[in-house]
Enquirer: 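Quick one: the structure is below, and I'll ask about it shortly.
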Amino acid sequence: AQADTYKWITFKPQGAGDAQAVTTQWLVDEFAKRTEGMHSIEVFWGGSVAKTREIPEALSAGVGDFGDIITPYFPDLLPLNNAVGFFIPQPMNSLEVGQFMEKMHATYPQFSAELENQNLHAFGFRPLEDYGLLCTKPVKSAADMKGLRIRSYGFAYPKLIEALGASPVSIATSEAYEALQRSIIDCTPIGPALARGWKYDEVAKYYVEVPLGASFGHLLAMNLDSYNAMDDETRGVIDQLGKDYLVEYARVLDEDAARVRELWKGELGVEVIPFPKEDLLGVLDDAGVQEVRQEWIGKADALGVPAEEIAESFDFDTPS
Amino acid sequence: MHKLETLRRRYGAFLSLCGTAAGVLIFAVMLLVVANVAMRYLFNRPVTGTLELTESALPLIIFMSLALTQMHGGHIKVVLLTRRLPERLARAANVLAMLAGFVLFAWAAHAGWMMAAKSFAIGELERGSIRFPIWPVKFAVCFGLALLAVQYLLDAVWAALGGKFGDGSGEVME
Amino acid sequence: MSSLLIGGIGVAGLFGGILLGINVMVVLGLVGAFGLASIVGVKAATAMLGTVFFDTTHSFHFSVIPLFLLMGFFAMRAGLGEDLFEATTKWLGNLRGGLAISTTLGAAAFGAASGSSVGTATVFTKLALPQMLDRGYDKSLASASIAIAGTLAVMIPPSALVVVYGILTDSSIGALLIAGFLPGIVFALVLCLAIWLTVLRNPGLAPRESHRFTLREKLASLKLAGPLVLIILLIVAGLYAGIFTPTEAGGIGAFATFLLAVIRHRGLAGVELRRTLLETIQTSAMIFGILICALVFSKFLALSGVANAVGGTLAGLEVNRWVIVLLVSLIYLALGMMMDAPALLAITLPITHPVMMDLGFDPIWFGIFVVLLVEIGAVTPPVGINCFVVQSASNGRVSLEQVFRGLLPFVLAGFAMLVLLCLVPQIALFLPETML
Ligand code: NA
Ligand code: NA
C-alpha cells in the first residue's frame, strides 16, 4: 500500500488550546501512530480552506478528506443528525449525547444514509459541553427570568426562551461578548469551558445552573470516497479512532470545565447559582417548545425512523 | 455595433434598476438597525428578527450591484502596462480581461445555481427569532453573478469590435 | 506537479494577470479557482465557488461595511468636509504650509464620520486642491498631502478596513475601532510635522498666506464643526462607553449624517438620495467583490502549502521577534505596491496573524499596525489607489506622476508612525484597555 497524506479542513484555530483543538491534534497524532507512520493527516486550521458554513460542501466535493461539521448550522440538510438540537432542554450530558449519536448510527441506517446522500461519512461525534446560563445579574428561578434578554440561536432556543417569559435576542457568537458588556443581552446559554474560551466570563459574573443538557455538536466527517478508498486496515483504524475520540474528548472537556470552575471561584469571581430543575421542566409543555419537538418528529418519521420512540431518550425522569 | 450599443444601454438601464433596489435595501437596513436600538432603550423591546433580516439583506445588496459596478468601470484594475501598448495589442488585452471576467463569473453563477437548487430542494430556512426561507437569497446571489457574467461578455464583444469604455465614476485606475 | 509548485505558478499568474489589466477581483478569483481545480479537482473548485459568495456576505458583521460607507457619503452631502476645511484654514492657514496642514487635520476630523480612505481623499481633493493650487502651492506637495490624509479615515473610527481585519482574524471589532482613534490623531500630527518640515526646507513649495482672520471669525468657524462633534460623540463615545455594538454604530452614524444632510439642504431634494445610495452600493460591491475573490485565492494558497511554507519559515526563524516584525512589514510594503487593501488583508492575514500571535503580539495592536501598513500601500506606486483618486478628482489639474513625486516625505512619516507604534504600543492599546 502507498503512503497517503489526508487533508483535514477545520474552522478551529490551531492555537485555540481548548478541548476541541487539543483533541483534534490528539486524533491526528494517534492516526499516524496507529498506522505506524504509514499515513498522516495534514490539518488546515482556522478556516483557511473552508469556513464553518462551507465545510459540508467542501468535504463532499473532496476539497478535504476530513473535516468537522457544526451540525446545528445545517438542520435542513441533516435533520436526523440534528435530533438533539430540537430537544433543548434534555437530560443527557456530553458523553451520553456522544454515545446516543453512536447508538443512533449503529441502529438506524437512515442516520448515515443522510450523510451518504451528501457524499459524507461520519466516523466520530463531538458533543458540546453541558450548558447552563451565563448572566450579568443573579437569576434564581424562572420568575427572575421574566423580561430578561437572552441570547438565542439555532432552532430550539427561541421558543424555550419565550416559554420562560424572557425575550430571545439573536446575536452572532463573536458579538455576544460586547452584547453582554453593553447589556444588550442579560444572559447567554453556554458551558463553562466555552464561556472561558470566548471570555464571556469577564463581563458576565453569574453562572446559573439551568440544566439545559449537552447539545450536539460536531460530526467528525470524511469525504465518502476518501473513506471508501482506504484499505480495510486503515478504515479499521479510523472506525476505532472515532470511538476512542469520544472518550478522550469527554475526558479533556471535563478537565477543562473543572479548571474553569476553579478559576471562577478564584480570580475571575464568577458566582455559580443553583436553579430549580422543576422551574425548567415546568415550561416543557409550552406550545412553542412542543412545536419545535414535533417538527423533528414529523421530519424524522417521514425519513422512516421511529421518531416518537427515539424522542423518549430526551425525556427527563419524572421526579419521584 | 449599433445594435450592440442599444443592447448595452438597455441592459445598463436594467442594472440601474437592480442597483436602485439594492440602494433602497441598504437604507431600509439602516432604519431597521436604528429602530432596533431605539426600541431596546425606550421600551426594552428590541425589534424581533433584526439580525436575521440584516444578514439576509447583505447578499441581496451586494449581488444586485456587482454588474452595475462593472458597467461603470468601478472594479479596480491596473492599466499601467496596457496603456503603453500599441492600439491593437491593447485591444486584445482588453478583450482577454473581459473574457476572464466572463469565465470566472459564468463558472461562479453555475456553481451558485447548484447550491441554490439544493437549498430549494431541502427547503432551507433562516432560523432564529423569526423564520423565513433562505433559498430565494441564494437564487438572488446566483442571479447577480450571472448578470455580472453577461456584463463581462457584452464588454468583451464591445472591446473586440473596437468600442471604447468611458472612465465612468473615475475609479478606473491609470 | 507538487502543490507548492502550483502555488508558485498561481502567485506568478496573479501578478501577471494584474499587470495585463484584468480586474484585480477577476484575477484573484480566476487564479484561485483554477488553482483549486488543479490541486483538488474541478468539482471541488466548483463547490467552493458555489458557497463562498453567499456565505461571505450572509453576515450580520459585514453589513457594517455598507453602513459605514453610507455614513461617509451622507457626511459628504451634509457638507461636513466644507465646514471642517473652512474651520481649520481659519485657524491654521497662516502657518508654514498652513493650507496643507489644515487639509490634513480637516481630513482627520472628517475621518470620524467617514469609513473610507478613498472617499475622504475624493472630498478633500474637491475642496482643498483648487484652493492650494490657486494660492501657488506646489502641485506635488498639494496632491500628495491629500492622498495620504485620506488614509486617516481608515485609522480613526468608523473604518470599513478595520472591520475587515476584525472579521478575518476573529478579533473584537469594537476594541479595534476604538484602538484606531489615538493612532489616527497621532499620525495626523506626524503628517503635519512632515508638511511643516518639507516647507521649512523648501519655502518655495508653499507661499505663506497673508490674509489674516480675526479672532471673532475664528471662533465663529468653530460653530461649523459642531455637527461633527455630535457625530464623534455618538460613534466614539457610543462604542467606548458601551451604548451600542459596532454594527449599531454604523446604522446610527449613517442615520445621523443622513439627518444632517437633510437639515443642511432643508429637505430631501438636495441630499440626492438615489445617487448617494447608488454610490454606496457600488463601493460596497467593489470592496466585497475583491474581498470574496481574495478569499478564493487565499483558500488556494492555503491548500497549496505556500501559505504554511511562508508562515512556517517566518515562525521558524531564530531571530529577535522585532526582526520578524520588520520582515512582515517589508512583505506588506512590497505587496502593498501592487494590491488593494482588502485583498491584501484577505490574502496575507491567514499567514501573518498566527505568526504574530505566536510571537506574543497583541491582536488589537497588530490590527492597527497592519492597517497602517496597507494604508501606506494605498499611496505607494504603481498601485496607489488614493493617488489615482486624487488625480481623477482633480479634473486634470495634476498628473499621476506629480502626485507620486510628492509622496516621499509622507511615506517617511508613515514609517516614523510605524516605529512609534512599536516603541509605544500604548498609543493603540490605551483606549481599548480602559473601555467600559
Ligand atoms: Na473613519
Ligand atoms: Na501601492
Enquirer: Looking only at heavy atoms, which of residues 102-115 of chain B get nearer than 4.5 Å to chain C?
Expert: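 Listed by number: B/V103, B/L104, B/F105, B/W107, B/A108, B/H110, B/A111, B/G112, B/M114, B/M115.
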Enquirer: First locate atom CD of C/E279, then atom NE2 of B/H72, and finally report the distance between them rounded to the nearest 0.5 Å.
Expert: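 NE2 of B/H72 is found 11.0 Å from CD of C/E279.
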Enquirer: When only heavy atoms count and the cut-off is under 4.5 Å, which of residues 57-67 of chain B reach chain C?
Expert: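 If one takes a 4.5 Å heavy-atom cut-off, the residues of residues 57-67 of chain B near chain C are B/L58, B/P59, B/I61, B/I62, B/F63, B/S65, B/L66.
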Enquirer: Highest number of heavy-atom pairs under 4.5 Å with chain B: which of C/A343, C/A285, C/S63, C/G289?
Expert: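 Option with the greatest count: C/A285.
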Enquirer: Quick one: pull up OG1 in B/T54 and NE2 in C/H58 and give me the separation to the nearest 0.5 Å.
Expert: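 Going from OG1 on B/T54 over to NE2 on C/H58, the span is 10.5 Å.
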Enquirer: Counting heavy-atom pairs under 4.5 Å to chain C, which of B/S56, B/G144, B/A93, B/A116 comes out on top?
Expert: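 Ranked by heavy-atom pairs under 4.5 Å with chain C, first place is B/S56.
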Enquirer: Decide yes or no on side-chain contact (heavy atoms from CB on, under 4.5 Å) for B/V37 and C/F255, but give the supporting numbers first.
Expert: CA-CA 12 Å; B/V37 175; C/F255 189 62; over 6 Å; no
Enquirer: More than 12 heavy atoms of other residues, nucleotides or ligands under 6.0 Å from CZ of B/F139: is that the case?
Expert: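 Above 12, so yes.
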Enquirer: Could you look at C/C293 and say if it's the side chain, the backbone, both or neither that has a heavy atom under 4.5 Å from chain B?
Expert: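 Just its side chain gets close to chain B.
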Enquirer: Please classify the contact between C/T247 and chain B as side chain, backbone, both or neither, with a heavy-atom cut-off of under 4.5 Å.
Expert: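 Answer is backbone: N, CA, C or O of C/T247 sit under 4.5 Å from chain B.
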Enquirer: Under 3.5 Å, which donor-acceptor pairs do the side chains of residues 21-38 of chain C form with other protein atoms, sequence neighbours left out?
Expert:
residue : atom : partner : partner atom : Å
C/N23   : OD1  : B/Y152  : OH           : 2.5
C/N23   : ND2  : B/H75   : O            : 3.1
C/S38   : OG   : C/F34   : O            : 3.3
C/S38   : OG   : C/G35   : O            : 2.8

Enquirer: Check each atom of B/N36 against the heavy atoms of chain C and say whether the ones under 4.5 Å are side chain, backbone, both or neither.
Expert: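 It is the side chain, since no backbone atom gets that close.
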Enquirer: What part of C/L70 gets closer than 4.5 Å to chain B, counting heavy atoms only: side chain, backbone, both or neither?
Expert: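 Looking at C/L70, just its side chain touches chain B.
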Enquirer: Shorter than 4.5 Å, heavy atoms on both sides: which option in B/V141, B/L51, B/L85 has the most such pairs with chain C?
Expert: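 Of B/V141, B/L51, B/L85, B/L51 has the most heavy-atom pairs under 4.5 Å with chain C.
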Enquirer: Which one, C/S59, C/S284, C/A47, C/A254, leads in non-hydrogen pairs under 4.5 Å with chain B?
Expert: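 Ranked by heavy-atom pairs under 4.5 Å with chain B, first place is C/S59.
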Enquirer: Give, for atom CE of C/M286 and atom CD of B/Q70, the distance between the pair rounded to the nearest 0.5 Å.
Expert: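 CD of B/Q70 is found 12.5 Å from CE of C/M286.
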Enquirer: Crowded around B/R45 CZ? As in, over 12 foreign heavy atoms under 6.0 Å?
Expert: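 Atom CZ in B/R45 is not packed in, count stays at 12 or less.
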Enquirer: Which region of C/I65, side chain (C-beta onward) or backbone (N, CA, C, O), has a non-hydrogen atom less than 4.5 Å from a non-hydrogen atom of chain B, or is it both or neither?
Expert: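 Contact with chain B is absent: no heavy atom of C/I65 under 4.5 Å.
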Enquirer: Would you give me the side-chain donor-acceptor pairs under 3.5 Å for residues 12-35 of chain B, sequence neighbours excluded?
Expert:
residue : atom : partner : partner atom : Å
B/S16   : OG   : B/G12   : O            : 3.1
B/T20   : OG1  : B/S16   : O            : 2.8
B/T20   : OG1  : C/R274  : NE           : 3.2
B/T20   : OG1  : C/R274  : NH2          : 3.1

Enquirer: Name the option with the most non-hydrogen atom pairs under 4.5 Å to chain C; the candidates are B/L148, B/L96, B/L145.
Expert: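 Most pairs with chain C among the choices: B/L145.
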Enquirer: To the nearest 0.5 Å, tell me how far C/F60 CZ sits from B/E52 CD.
Expert: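 Interatomic distance, C/F60 CZ to B/E52 CD, rounded to 0.5 Å: 9.5 Å.
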